[in-house]
Amino acid sequence: MATIDVKSEIGGVVWKIETTVGTALVEDDTILILESMKMEIPIIAPRAGTLSEILVSENETVQEGQIVARMTA
Amino acid sequence: MFANILIANRGAVASRIMRSCRKLGIGASVVYSPADATLPYVGEADNAIPIGESPAQRSYLDQDLIIAAARKAKADAIHPGYGFLSENPGFARKVEAAGMTFIGPSATMIEDMGEKTRARAIMREHGMPMAPSSELLSGAEEAGRAAARLGYPVLVKPANGGGGIGMIAARNADELKPAIEKAAALALRAFGDAKVYLERLVERPRHIEFQIAADKHGHACHLFERDCSIQRRHQKVIEETPAPALPRPDIEAVAEKVAAIVAGLGYSTVGTVEMLYEPQNGFAFLEMNTRLQVEHAITEAVTGTDLVEAQIRLAAGERLSDVIAAPLAVAGHAIEARVYAEDPIRFLPSPGTLAAFDLPSGDGIRVETGYAQGCTVTPFYDPLLAKVIAHGANRTAALERLSDALRRTTISGVRHNIPFLLRVLDNARFRDGDLDTGLTGEILSTPLKAAS
């Protein structure tokens, strides 16, 4: 089983977490939504797998490149 | 006149309003959230009051925190700037109830213009040019007749909607029924009302807006137009005045008409009437913004008017004839580019710390910014880094000045859209003044190599 790091491409604030640990995701499923500069930016599953960790919580500030979740596939 | 104004805004807007306060000898107080504590405007103010937390909902949008700050600052008026609480009727009421002047129109006027269908109905009643539209639809047969009368393509629009939600285009009779069903379902879900109507769809209009100034004594005038057709996803990117390639007598006749209508509404401050224009159908009302616009500086450049000063003096009850020099004339051409902290290819927001922030200056160049080198652009607010305004004797001269100024700008630490702005400024159709709201999409769909 490979671990997939899900990174945020942008800096922002976690607005909503859309899924829970253990969920089976397909590619492009939304894991969480960031808010940055009045835009909502979804963080999506880079490929199919099971969500194993969510490393941030709502209202938390994240940096560009930060790992926000992990998946196993 | 007011003794002390509280500016319920941040960054470049706050700095801009402060300048006009100084000119009038009025004290200027500002509010700031924790994220903005080190921005230049905080240091420039006579009095800076920390409020709330960084997310706008818990600072710049918190009405009670703002009113409390205004009381603390002993302000006799509140200037809302643009965005945030500037078009919030509840806030305007609270300000007046607290015994201060809201620098803007009455709460009722904000309400009337803020609700799209009500604004349209009022404007139609007062003779404003509108896009051809149908009555509310009641059945399929009638809808078909109405669409044929308007001519395809048509747009199905919710009667009580806004923000572009539930608007579906139908290009021919076959598409009409499914479009109506879909729009009605979306309208019901979003607005609790399934009523829809048809409007003739203008595919690639120009966005032309008229700057209006009015006083509390029944007078209004216009300060010409701004062409804001260069938009990306309904966000304005480049604005200019005068609107290129339109006959002056035609556009000034519309401007006069709009000013007369606004006077008839009992409007009493600066405001902007946004319209769509297309050669075949002429002008059609879009909406009215009851506040200062982001792009007000280009109007200031060509008319020599300080719109914020005018707005403050009008709020204090001065007469329009004392505030705005008549007759106004247009001197030269002005164009503004909005520099955003977003990457120029995918347009994702790009917060960060400004390692370099070297903005241009020179003849005919004005820059409005809320940042300086070393400042952090946070994710909490809008992505505007700076507005660069160029004024020249004619359009070509203004364009040259703007593109030269943007090429001399150095920004690092965040990604920015200057490469995109330059692509627009270098585009042949743009240079010819052949503008419409579809032009940026056309430019962006051209591969970079072919464009260079």
Side-chain angles (χ1 to χ4, degrees), chain A residues 2-21 23 25-73, chain B residues 9-13 33-36 52-61 82-84 86 163 165 232-237 294 338-355 370-371 375-386 412-417:
Chain A
T3 302
I4 306 162
D5 290 341
V6 182
K7 291 182 185 172
S8 172
E9 301 183 77
I10 59 154
V13 180
V14 179
W15 179 50
K16 259 194 217 165
I17 293 178
E18 294 277 272
T19 184
T20 49
V21 169
T23 307
L25 301 172
V26 301
E27 187 178 332
D28 291 346
D29 272 355
T30 299
I31 298 170
L32 53 89
I33 301 173
L34 288 187
E35 195 183 342
S36 187
M37 298 178 157
K38 294 163 81 176
M39 272 175 75
E40 290 168 22
I41 319 284
I43 304 278
I44 55 175
R47 53 194 179 103
T50 304
L51 192 66
S52 54
E53 268 184 285
I54 296 176
L55 301 166
V56 292
S57 48
E58 288 181 5
N59 296 322
E60 187 177 328
T61 303
V62 302
Q63 306 298 322
E64 182 179 333
Q66 183 178 333
I67 301 168
V68 295
R70 287 200 176 92
M71 295 169 58
T72 51
Chain B
N9 216 296
R10 61 181 293 279
V13 197
S33 73
D36 286 344
E53 296 168 48
S54 296
Q57 290 292 348
R58 295 200 287 279
S59 48
Y60 303 106
L61 288 170
Y82 40 78
F84 296 127
S86 61
I165 297 165
R232 201 189 65 82
R233 291 195 172 178
H234 302 292
Q235 188 184 45
K236 293 170 187 167
V237 183
V294 178
R338 299 192 191 188
V339 180
Y340 289 115
E342 61 187 15
D343 82 69
I345 308 290
R346 297 172 63 208
F347 298 97
L348 288 177
S350 180
T353 297
L354 295 164
Y371 298 101
C375 288
T376 297
V377 183
T378 66
F380 297 108
Y381 317 110
D382 70 87
L384 192 71
L385 289 173
S412 68
V414 302
R415 283 182 290 274
H416 57 78
N417 68 337

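Letters A, B, ... are given to chains in the order of the sequence lines, protein chains preceding strands, and every chain is numbered from 1.
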Look only at the side chain of N9(B) and the backbone of Y82(B), and say whether a donor-acceptor pair between them is shorter than 3.5 Å.
-> yes

Examine whether an atom of R346(B) lies under 4.5 Å from a heavy atom of chain A, and if so say whether it belongs to the side chain, the backbone or both; otherwise answer neither.
-> side chain

Which region of S54(B), side chain (C-beta onward) or backbone (N, CA, C, O), has a non-hydrogen atom less than 4.5 Å from a non-hydrogen atom of chain A, or is it both or neither?
-> neither

Starting at OG1 of T19(A), measure out to CG of L51(A) and round the result to the nearest 0.5 Å.
-> 5.5 Å

Evaluate the criterion side chain to side chain contact (heavy atoms under 4.5 Å, CB included) for residue pair V294(B) and K236(B); output intermediate values, then yes/no.
-> CA-CA 9 Å; V294(B) 178; K236(B) 293 170 187 167; over 6 Å; no

Given a strict heavy-atom distance threshold of 4.5 Å, which part of A56(B) is in contact with chain A: side chain, backbone, both, or neither?
-> neither

Any residue of residues 65-73 of chain A which, by heavy atoms, sits under 4.5 Å from chain B | none

Backbone N or O of G352(B) within a donor-acceptor pair of the T376(B) side chain at under 3.5 Å?
-> no

Under the side chain to side chain contact (heavy atoms under 4.5 Å, CB included) criterion, do L25(A) and I31(A) qualify, and how do the steps go?
-> CA-CA 9 Å; L25(A) 301 172; I31(A) 298 170; 3.8 Å; yes

Counting only heavy atoms not in K7(A), do more than 12 fall under 6.0 Å of its NZ?
-> no

Under 3.5 Å donor-acceptor, N417(B) side chain and Y340(B) backbone | yes

